[in-house]
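Written out below as structure tokens is the structure these notes cover.
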Amino acid sequence: MIQQVSALSGKRVVCIGAGTGQANILRALASGGKQLEGLIGIVSVTDNGGHSGVLRTEFHIPQVGDGKQCLLALAPESAERDRLATRNSDGTSPANTRLARLTNQHGIARAFDIFRVDLGCQGQVLPATESNVHIRASLEDGSIVTGEWEIIKRDPRIPIKQMSLSVDAPAYSGSLEAIRQADVIIIAPGSFHTGLVSALLPAGMREAFHASQAQVIQVINLMTQPGLTDDWDAEQHVRQLHPYCGREPDVVIVNSGSIPEEVLQHYGALGSRPVIFNGARQHFPQVRFVELDLVPSQFSGNGDRAGNFAKWTHLLTHSSGRLLAAIEAAVDA
């Protein structure tokens, strides 16, 4: 039997994001021997929640938790991987602790690389910046809120006008080079303002992204996030990201599948609803929107994170197999 060659074989693929949704894509891309020329995840480092947020305060370092998720997603199965991936009963993470100590000693880029080599990861994870910065939201009434969870929990929820970093920070040089050299750039689903946009804010990132000749594929979230993307449809996600990345995506992948009622109730209680594509293309007529069922057949059951740390629910993620097939089809088109 002749094995079908993946459309991604030989491609330099870069996935930009911030955590769970990005890790889901990287895991799928690394599986099955895609023979990628280079697989790189570029992650935001500004989250101040969870265990990694506590470690930020203790060590005065950028956030390591999103990078940790991506590195574990790229690591082959092993006892050491399983140990590092398992949270303690109080919600603390051995992997976060290890990466925080390495970052304190060597800087975050080197820490990610040491972790990658030790676990034999099938790809690299790079920070958007090596600087210890926070995300900042300028609101419509002129006020400013600094910190991911301060933004998410702000009350009242005055609409966001613009995102920035707390201080000017240069993009990590390796991340800029990866974007410039990429054949395919995937914009992963995730927390839009505090994750995806955060990864594009370091100085030089927008220019590198704009100059890149890569095919850009944007994967739209399955659900809206309260206080951030309320009532957004798929095109609104594209329109709001455009000022930060400096170019349109070539392909936008959006879910058309039905989400089970019990999952909708879980998210509905949080003020979240499914993101839809209503067929409107007035702002981006050249973008190809691809609709398909991306709802997984099984759910992680991780509606609440372990321990004492507040985190956005991760009950629902894209079907990794269907999403990978959609990405391959987009590259092959």
(message) Does Glu261 have more than 12 heavy atoms from other residues, nucleotides or ligands lying within 6.0 Å of its CD?
(response) yes

(request) Hey, can you tell me if Phe284 and His242 have their rings parallel, tilted or perpendicular (30° and 60° cut-offs)? (result) tilted

(message) Strictly distance-based, threshold 3.5 Å: is any side-chain N or O of Arg247 a donor or acceptor partner for the main-chain N or O of Ser212?
(response) yes

(request) Mark yes or no for whether Asn255, through its side chain, and Leu294, through its backbone, hold a donor-acceptor pair below 3.5 Å. (result) yes

(request) With salt bridge (Lys or Arg N to Asp or Glu O under 4.0 Å) as the test, would you mind laying out the steps for Arg322 and Asp293 before giving the verdict? (result) CA-CA 8 Å; Arg322 294 176 196 166; Asp293 185 351; 3.4 Å; yes

(message) Tell me if the CG atom of Asp82 is crowded by more than 12 foreign heavy atoms within 6.0 Å.
(response) yes

(request) Can you sort out the partners of Asp231 under salt bridge (charged side-chain N to carboxylate O under 4.0 Å, His left out), two or more places apart, ordered by chain and number? (result) Arg273

(message) Just checking Glu140: does its CD atom have more than 12 heavy atoms from other residues, nucleotides or ligands closer to it than 6.0 angstrom?
(response) yes

(request) Sequence neighbours left out, what pairs pass salt bridge (charged side-chain N to carboxylate O under 4.0 Å, His left out) with at least one residue falling in residues 102-113? (result) Arg110-Asp113, Asp113-Arg116

(request) Identify the heavy atoms of Gly65 and Asn96 that sit nearest to each other, and give their distance. (result) CA-OD1, 3.5 Å

(request) Check whether any side-chain N or O of Asp183 sits under 3.5 Å from a backbone N or O of Arg12 as a donor-acceptor pair, and report yes or no. (result) yes

(request) Check whether any side-chain heavy atom of Asp250 lies under 4.5 Å from a side-chain heavy atom of Val287, and answer yes or no. (result) no

(message) Going by side-chain hydrogen bond (donor to acceptor under 3.5 Å, both in side chains), Ser198 matches just one of Ser44, Ser164, Ser191. Which one?
(response) Ser44

(message) On a heavy-atom basis, which atom in Ala199 and which in Ile16 lie closest, and how many Å separate them?
(response) CB-CG2, 3.8 Å

(request) Grab the two heavy atoms, one from Val275 and one from Asp233, that are nearest each other, plus how far apart they are. (result) CG1-C, 3.8 Å

